[in-house]
Every structure is written in structure tokens, then in C-alpha cells.
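Keep in mind it's a predicted model, so treat the numbers as computed, not measured. FYI, the numbering just counts along the sequence from 1. Only this structure's heavy atoms are used, side chains among them; waters, hydrogens and symmetry mates stay out.
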Amino acid sequence: MSLTSPLLGSPSSDWTDARLLYALEEVVEKELNRHLKVAKDWMPHEYVPWSDGRNFPGLFEDGEAWEKEQSKVTEIGRIALVVNLLTEDNLPSYHHEIATLFGRDGAWGTWVHRWTAEEGRHGIVMRDYLLASRAVDPDKLEEFRMAHMSEGFEHDHRHSMLHSVAYVAFQELATRISHRNTGHQSGDPVCDRMLARIATDENLHMVFYRNLLKAAFEIAPDLTMQAVRDVVVNFRMPGHGMPGFERAAAQMAIGEVYNLRIHHDDVLQPVLRFLRVLEIDGLGPDGLKAQEELGLYMAGLDSEASKFDEKLAARKARMAARAKA
């Protein structure tokens with residue numbers, strides 16, 4: 001793509017996924033090169049407390065069954081770690097989704113494979129940490145993994161390249177925040193360091209997609225605005241289909257790992273503010289309508305988050321009072 005490409009400024013009806021992929025190829029190559037310069041390779045095995053490990057029952061006669069008291073991790077830490085790991089476990093499905101949509105050739109294909117390789121480290125190091133440190137029941141973890149992966153994964157926005165780019169721009173940041181807060185709440189410095197390393201990767205992935213979304217706004221503002229509106233209004237984390245997700249999500253919300261306030265303040269707002277989404281002018285009727293609806297939604301979400309904040313504060317006050325009694 002060049003700045004004089006005849007595709008730029010085309011009516012919304014002229015933008016197919018194929019044309020958008022072609023128009024953004026140069027941006028993808030630029031962002032890929034930038035990513036490769038700043039991304040640092042790291043070794044998952046260096047973040048695992050191997051000396052804490054011991055045999056589980058099975059092939060080994062000296063195997064020791066897992067018990068909750070063996071874990072250094074807090075209760076909310078265990079819940080969030082399982083959710084985060086099961087989310088990472090579905091990497092084969094994620095790779096299939098983006099490789100099908102973005103392609104396997106050129107800069108797009110190089111990015112798809114590089115992203116997959118980097119994401120693969122996350123599941124490796126988290127599982128090794130959980131087993132070596134005995135943070136969770138290994139049998140239950142494997143049962144959950146089998147159930148979750150057997151269901152596969154279908155992207156809510158797999159029908160649209162622009163929707164997919166918009167989704168991952170927010171989702172990568174959401175994942176970074178979830179990992180980082182899990183580390184803070186885990187009660188284990190080793191876990192905190194491991195998840196901080198993973199969060200660094202997720203942040204770089206977010207920057208790649210956020211910058212790609214910025215370029216999309218420049219060439220197809222109305223369609224991109226509609227995609228962002230749809231993604232924000234209907235946002236769901238990729239692990240929503242795992243066993244017990246709703247209950248775990250509620251516990252993570254109370255435990256301040258991920259909740260409405262965090263979603264609004266630390267995930268949606270930073271991306272929207274960086275892209276100046278609610279300030280873009282010169283939109284057509286459809287783009288303007290999407291922008292207005294997005295603004296209304298964000299205001300409503302902020303109000304809902306405030307209500308949640310009040311309930312959480314009241315809950316903390318009750319717990320503090322009981323502790324003193």
C-alpha cells in the first residue's frame with residue numbers, strides 16, 4: 001500500500017476483506033518490523049520453581065497427592081490462574097481463526113506465526129509453574145483443559161477482518177490486565193514475576209493491533225467505527241465458554257482481578273483514547289451513528305461500573321466489620 005493507493009478513500013461498499021488485507025499489508029510489515037526490534041526472547045523454564053516440584057501419584061510409587069494446603073497461591077489467585085491458563089490453552093483454535101482470516105502469506109502470515117509462537121510460551125510456563133508449585137489440583141486442571149479444548153473456539157467476529165482486528169486490540173490489553181492483576185493477587189512473588197513477563201508480551205501484541213486499527217480508521221473510517229462499536233458493545237473474553245466461567249468471572253470481579261471498573265478504565269478507555277475514537281470527524285451517516293452509540297454505551301458502562309464499585313466497597317466494609325467483631 002502507498003499513500004496514493006486508489007483504494008484509499010473508497011466508499012464503504014467497496015471495502016471487502018481482501019481489499020482491506022491488501023491495503024493494510026504495508027502497515028502490517030512496518031508494525032511487524034517494529035515488534036521484532038522491541039520484543040525480547042525469554043525462556044519459560046527460567047520462571048518455574050522446579051526445586052519445589054515433586055512426584056504426583058501415578059507411575060511413581062513415591063507420588064504425593066495434591067492438597068490445597070500445599071499451594072502458596074491465594075484462593076483468588078488459583079481461580080484466576082486456571083481461567084487464564086485455560087484461555088491460553090485454546091491457542092490452536094486461535095491460530096486457526098486468525099490464519100484463516102489474515103492468511104499465511106506475506107507480512108500477515110509472518111505475523112500470524114510469530115504471534116502464535118510467542119503466545120505458546122504463555123501456556124507452557126503457566127502450566128509448568130502450576131504443577132511444580134502445586135498451586136492447583138492437577139487432575140482437575142487436566143479435566144478442565146480437555147473439556148474446554150474439546151469444545152473448540154469460534155470467534156464472535158470471525159465474519160469480518162475489521163471486527164477481528166478491533167477485537168484483538170482490546171482483548172490483548174484485557175488479557176495483559178488480567179494476568180498482571182492475577183500476579184498481584186496471587187500472594188507468590190514467583191507467580192507475580194512470571195505473569196509480569198507474560199503481560200509484557202500481551203502489551204506488545206496489543207500495540208501491534210492498536211496501531212493496525214489506527215491505520216484502518218485512516219482508510220475506512222466508517223467501517224472501522226462500526227466494527228469498534230460492535231466489538232466494544234458485545235465484548236466477551238475468549239475463555240467465556242470454559243467450564244464454570246461465569247462463577248469464576250464473578251469471583252475474579254470481587255477479587256479485583258477483572259471487573260467492570262477495570263474493563264472500562266484499564267481496557268476500553270486507553271485504546272479509545274489513544275485512537276481518539278470519539279473525536280473523529282468527517283464520518284458518514286453510518287460511522288457517525290456508530291460513534292454516537294459507542295459514546296452512549298461507554299457512559300452507561302461507566303455508570304454500571306460505579307454501581308459495582310459501591311457494592312464492592314460495601315462488601316469490603318462488611319467483611320472488615322466481621323473481622324473486628
Side-chain angles (χ1 to χ4, degrees), residues 71 73-87 156 166-188 191-192 195-196 198-199 202-203 206 210 225 228-279 289-325:
S71 174
V73 174
T74 62
E75 179 67 19
I76 186 59
R78 280 195 296 276
I79 293 168
L81 279 163
V82 171
V83 170
N84 291 352
L85 175 55
L86 291 180
T87 300
D156 288 338
Y167 175 75
V168 288
F170 293 104
Q171 180 267 320
E172 292 283 4
L173 182 52
T175 304
R176 169 204 160 190
I177 295 297
S178 181
H179 282 313
R180 202 69 193 93
N181 288 343
T182 298
H184 292 329
Q185 300 287 356
S186 69
D188 181 9
C191 180
D192 193 22
L195 292 176
I198 293 174
E202 303 290 8
N203 193 63
M206 178 276 293
R210 183 196 65 188
M225 184 66 73
V228 169
R229 178 219 33 214
D230 294 344
V231 164
V232 169
V233 170
N234 300 294
F235 186 86
R236 296 194 297 176
M237 291 292 273
H240 61 80
M242 70 180 60
F245 178 78
E246 291 185 4
R247 185 171 187 274
Q251 291 169 306
M252 289 168 68
I254 294 172
E256 297 182 88
V257 172
Y258 201 96
N259 55 38
L260 282 178
R261 175 54 61 199
I262 293 169
H263 182 60
H264 177 277
D265 290 2
D266 299 337
V267 176
L268 298 182
Q269 283 284 33
V271 176
L272 294 176
R273 190 181 303 115
F274 178 87
L275 298 175
R276 304 175 69 88
V277 172
L278 297 179
E279 301 170 27
K289 178 184 177 185
Q291 186 182 49
E292 292 173 347
E293 290 175 349
L294 181 60
L296 289 172
Y297 176 80
M298 289 300 294
L301 183 63
D302 186 37
S303 178
E304 288 299 312
S306 295
K307 293 177 183 177
F308 175 83
D309 291 342
E310 293 173 2
K311 292 179 180 178
L312 186 60
R315 184 178 185 277
K316 288 181 177 180
R318 289 195 301 271
M319 293 181 67
R322 289 174 187 171
K324 292 180 180 179

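Nearest heavy-atom pair across V271 and A169 is CG2-O, 4.2 Å. In plain terms, the two heavy atoms of A166 and V231 that are nearest each other are CB-CG2, 3.9 Å. When all heavy atoms of L272 and V228 are compared, the pair lying nearest together is CD2-CG1, 3.9 Å. In plain terms, the two heavy atoms of R210 and L275 that are nearest each other are O-CD2, 3.7 Å. Scanning both residues, F308 and N259, for their nearest heavy atoms gives CE2-ND2, 3.4 Å.
Annotation: R273, atom CZ; neighbour count of heavy atoms from other residues, nucleotides and ligands within 6.0 Å is above 12.
Put simply, the side chain of M298 reaches to within 4.5 Å of the side chain of V232, judged on heavy atoms. Side-chain contact between Q291 and V277: absent, with no pair of heavy atoms (C-beta onward) separated by less than 4.5 Å.
Put simply, the side chain of Q171 never gets that close to the backbone of M237: no donor and acceptor are under 3.5 Å apart. In this structure, the side chain of S178 does not engage the main chain of T175 through any donor-acceptor pair within 3.5 Å. A distance-only check finds no donor-acceptor pair linking the side chain of Y258 to the backbone of T182 [under 3.5 Å]. Of the possible polar contacts, one joining the T74 side chain to the Q185 backbone as a donor-acceptor pair under 3.5 Å is found. Under the 3.5 Å distance criterion, the side-chain polar atoms of T87 are matched with a main-chain donor or acceptor of V83.
In this structure, the separation between NE2 on H264 and CG on L301 is 5.5 Å, given to the nearest 0.5 Å. Taking CG of N181 as the reference point, atom CD1 of I76 lies at 10.5 Å (rounded to 0.5 Å). Here the CZ-CG distance, from R261 to D309, works out to 4.5 Å after rounding to the nearest 0.5 Å. In this structure, M206 CE and I177 CD1 are separated by 8.5 Å, a value rounded to the nearest 0.5 Å. Rounding to the nearest 0.5 Å gives a distance of 5.0 Å between CZ of R180 and CG of D192. One finds the NE2 atom of H263 at 12.5 Å from the CD atom of E304 (value rounded to the nearest 0.5 Å).
Looking at E292 and K289, no side-chain N of the basic residue comes within less than 4.0 Å of a carboxylate O on the acidic one, giving no salt bridge.
The side chain to side chain contact (heavy atoms under 4.5 Å, CB included) with L81 is formed by just one residue from the set D188, V257, L195; it is L195.
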Take E310 and S306 through the side chain to side chain donor-acceptor pair (under 3.5 Å) test and state the conclusion after the steps. CA-CA 6 Å; E310 293 173 2; S306 295; over 6 Å; no

